[in-house]
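These numbers come from a predicted model, not from an experiment.
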Amino acid sequence: MNTSMRNLTRYTREKTSFEGWRVCISRKGVMFTKYFADAMYNGEQGSFEAALAVRDEILDRIKADPTNAKAIMMKYQAQFAKKKPRRSR
């Protein structure tokens, strides 16, 4: 496990209404961003470990196949895409 803070950002209520970690990776013109809320992962340590695991998984796959970085990034974008609920009228 790589414990470097690269591609990880901590958000707290002092700065925003969200508390947790954000993973943000950009490769070959594709950006992947995923938020890991403390409330969803049993606190700061849990959200950090979840964010770190996803970041390391993506970077390991890119390192193993750098010529396919764009496809790898797009796969993770689709995997973690969140459908927005429709507003009722």
Distance (rounded to the nearest 0.5 Å) between [X] [atom1] and [Y] [atom2]:
X	Y	atom1	atom2	result
Ile58	Lys63	CD1	NZ	15.5 Å
Lys34	Gln79	NZ	CD	10.0 Å
Arg13	Glu19	CZ	CD	4.5 Å

**Asked** For Met31, does its backbone N or O pair with a side-chain atom of Gln77 as donor and acceptor, under 3.5 Å?
**Response** yes
**Request:** State, with a plain yes or no, whether a side-chain heavy atom of Cys24 is found less than 4.5 Å away from one of Asn7.
**Result:** no
**Heavy-atom side-chain contact between Met40 and Tyr35 under 4.5 Å** = no
**Request:** Taking salt bridge (Lys or Arg N to Asp or Glu O under 4.0 Å) as the test, write out the residues that go with Glu49, two or more places apart.
**Result:** none
**Asked** Nearest heavy-atom pair of Met5 and Arg55: which atoms, and what distance?
**Response** C-NH1, 4.0 Å
**Complete:** Tightest non-hydrogen contact, residues Ala69 and Ile62, listed as CB-CG2, 4.0 Å
**Asked** Under the side-chain hydrogen bond (donor to acceptor under 3.5 Å, both in side chains) test, which residues partner Thr9, sequence neighbours left out?
**Response** Arg22
**Request:** Apply side-chain hydrogen bond (donor to acceptor under 3.5 Å, both in side chains) to Asp38 and list each qualifying residue two or more places apart in sequence or on a separate chain.
**Result:** Arg10, Ser47
Mind checking side chain to side chain contact (heavy atoms under 4.5 Å, CB included) for [X] and listing every partner two or more places apart, or none if nothing turns up?
X	answer
Glu57	Arg61, Tyr76
Asn68	Asp65, Ala71, Ile72
Ala51	Leu8, Trp21, Val23, Phe36

**Prompt:** Yes or no on side-chain contact (heavy atoms from CB on, under 4.5 Å) for Phe18 and Thr12, after CA distance, side-chain angles and deciding distance?
**Reply:** CA-CA 6 Å; Phe18 170 78; Thr12 63; over 6 Å; no
